[in-house]
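To start, the structure itself, in structure tokens.
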There are 2 protein chains.
Amino acid sequence: MPDQPSHKPSGHVGDVPGDEAPAVLRADARRNRERVLEAAREVFAAQGVDAPISAVARRAGVGVATLYRRFPTRTALVTAAYAEQLDLCAAAFDEALADPDPGRGLYTLLEKVCATQAVDRGFAPVFMDRFTDSLAHDPERACAEERVAHLVRRARESGQLRADFDQADITLLLVASSGLAGQPRDIALAASRRLLASFFQAFQTQLPGPLPPPARLEPPRRPY
Amino acid sequence: MPDQPSHKPSGHVGDVPGDEAPAVLRADARRNRERVLEAAREVFAAQGVDAPISAVARRAGVGVATLYRRFPTRTALVTAAYAEQLDLCAAAFDEALADPDPGRGLYTLLEKVCATQAVDRGFAPVFMDRFTDSLAHDPERACAEERVAHLVRRARESGQLRADFDQADITLLLVASSGLAGQPRDIALAASRRLLASFFQAFQTQLPGPLPPPARLEPPRRPY
DNA sequence: CGGTAAGTGGATGACACCGTCCGTTCGACG
DNA sequence: CGTCGAACGGACGGTGTCATCCACTTACCG
């Protein structure tokens, strides 16, 4: 690659036919990009990933066109907005696998994921899409499944979890927990903790211990 | 009131200013009304109460206007569509209170409600709105709360449920269970059963028993 | 400081759903 | 069987979201 004067990346004319992404943005563009992402996180967290794009743009103090240029499709925006958080999840995953106490590792991981699901209305769909099997055309997803299976097996074999605990119960817990999304933050967190704890309690081999306090959640009044 | 020839109900002119409901419908009208309600149940079950009205009309083989005349607002349609099912719930409620074994009564009741929630995407919001407290301007709702409290208290005092089981946990279970809606029918049912059983298991005072089989549910791929 | 292309925001057309209006159909009664 | 009005259904205007286009602005480099 010939030495570039540090700016103007991929600037020479005949780079690649479909070459459209200037890799380095103008200062204001980069600033706006960040504002959009932050706005997206806020709006998606509050209203879910189906929230109107214009709402994100408005919140970011930016025109719709600006947003669409940077993120041509809703999926692109959603993906970018949750990229960091998904990486955090992957890290938490590694931590769980590294924990010498398999039961605790699994529990801590689920605690994090469930809490995020409860607090952020948009998170669950993205997370499910990223880390969950089923069709699993994506190797990463298959790998995640693999690792969950490993965690579950270890916890079971260590005698901390009942033999009839199934890997599918993880999915069940996650899906159930995703129903908590949209509650006021504190309540959602408390509910999430209580749900996870009781679910685990059921599969515990040891004597039952105390549970986190109950959460007095107000059922979602759907405006039908 | 002058004698009416048996048809033409409320037909005399100056009945009440806003008098609009002819109490007895023409044969075809009544038939269409039923078809609309059935279609509504099907569509709402599959797509939720937010489904387009036109979809209901199409499925019923009826024009939109027909539907709107009979059910001027979405709420009216939803309410009418779920009226029977809500009555069933009320009945199940009574059964639960009548059961000499308080634990079993509560469990059976929740089993029914959770199953319905899992199978019918539109049911949860309606049910929550009908039977759940919070603002409770509605006396019936307050009463329902009252009765749930009674059930819970009895089950706790009979020693079947742990002391730290809270009435709010019922709501938690229902909200969590509502997250299962939209899955394929069989899977949703299995998941619902498993979730309920493990949740209860956690609060059981007796030794842990067997659980219903795990449900291999496929996480909802939201089309964002 | 000036030129230029990247960047911007608002206007715009396409689309889906809502809820009403109106000309037509057909059930009920005489 | 004829009449009348209840009931019907498709068409239509209104609204909100999506995604694109275009004329203006401005950051960056020489």
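Below, chain A is the first sequence line, B the second, and so on; all start at residue 1. The basis for the numbers below is simple: all heavy atoms, side chains too, and nothing from hydrogens, waters or symmetry mates.
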Polar atom pairs (N or O), protein with nucleotides 14-19 of chain C, under 3.5 Å:
| residue | atom | partner | partner atom | Å |
| --- | --- | --- | --- | --- |
| dC18(C) | OP1 | Arg74(B) | NH2 | 2.3 |
| dC18(C) | OP2 | Ile53(B) | N | 2.9 |
| dG19(C) | OP2 | Tyr68(B) | OH | 3.2 |

| query | OP1, OP2 of dG7(C) versus side-chain N and O of Thr66(A): anything below 4.0 Å? | reply | no

Exercise. Do Gln201(B) and Gln201(A) have side-chain N/O donor and acceptor atoms under 3.5 Å apart?
Worked result: no

Leu67(B) CG to dT20(C) C1', in whole Å, measures 14 Å

To the nearest angstrom, the CZ-C1' distance between Arg30(B) and dA28(C) comes to 12 Å

The complete set of salt bridge (charged side-chain N to carboxylate O under 4.0 Å, His left out) pairs with one or both residues in residues 112-121 of chain B, sequence neighbours excluded, reads Glu95(B)-Lys112(B)

Base, sugar-phosphate, or nothing for Ala27(A), non-hydrogen atoms under 4.0 angstrom?
sugar-phosphate

Rounded to the nearest 0.5 Å, the CG atom of Leu180(A) sits from the CD1 atom of Ile187(A) at a distance of 10.5 Å

**OP:** Using modelled atom types only, decide if a donor and an acceptor are shared between the side chain of Thr75(A) and the backbone of Tyr224(B) within a distance under 3.5 Å.
**Re:** yes

Residue pair Arg31(B)/Ala65(B) against DNA chain C: nearer the 5' end by closest nucleotide is Ala65(B)

Are Arg216(B) and Asp166(A) ion-paired here, with the side-chain N under 4.0 Å from a carboxylate O?
yes

Okay, side chain of Gln183(B), backbone of Glu218(B): is any donor-acceptor separation there less than 3.5 Å?
yes

When rounded to whole Å, the CZ to P distance for the pair Arg70(B) and dA6(D) reads 11 Å

By side chain to side chain donor-acceptor pair (under 3.5 Å), Ser177(A) pairs with (sequence neighbours left out) Gln117(A)

So, is Arg69(B) close to the dC8(D) phosphate, meaning a side-chain N or O under 4.0 Å from OP1 or OP2? yes

Salt bridge (charged side-chain N to carboxylate O under 4.0 Å, His left out) pairs touching residues 174-196 of chain B, sequence neighbours excluded, are Asp169(A)-Arg194(B)

* To do: Return no unless some side-chain N or O of Asn32(B) is found under 4.0 Å from OP1 or OP2 of dC8(D).
  => yes

Between CG of Leu25(A) and P of dC28(D) the distance, given in whole Å, is 11 Å

Expected rows: protein N/O vs nucleotides 24-26 of chain C N/O, under 3.5 Å:
none

The complete set of salt bridge (charged side-chain N to carboxylate O under 4.0 Å, His left out) pairs with one or both residues in residues 30-45 of chain B, sequence neighbours excluded, reads Glu42(B)-Arg59(B)

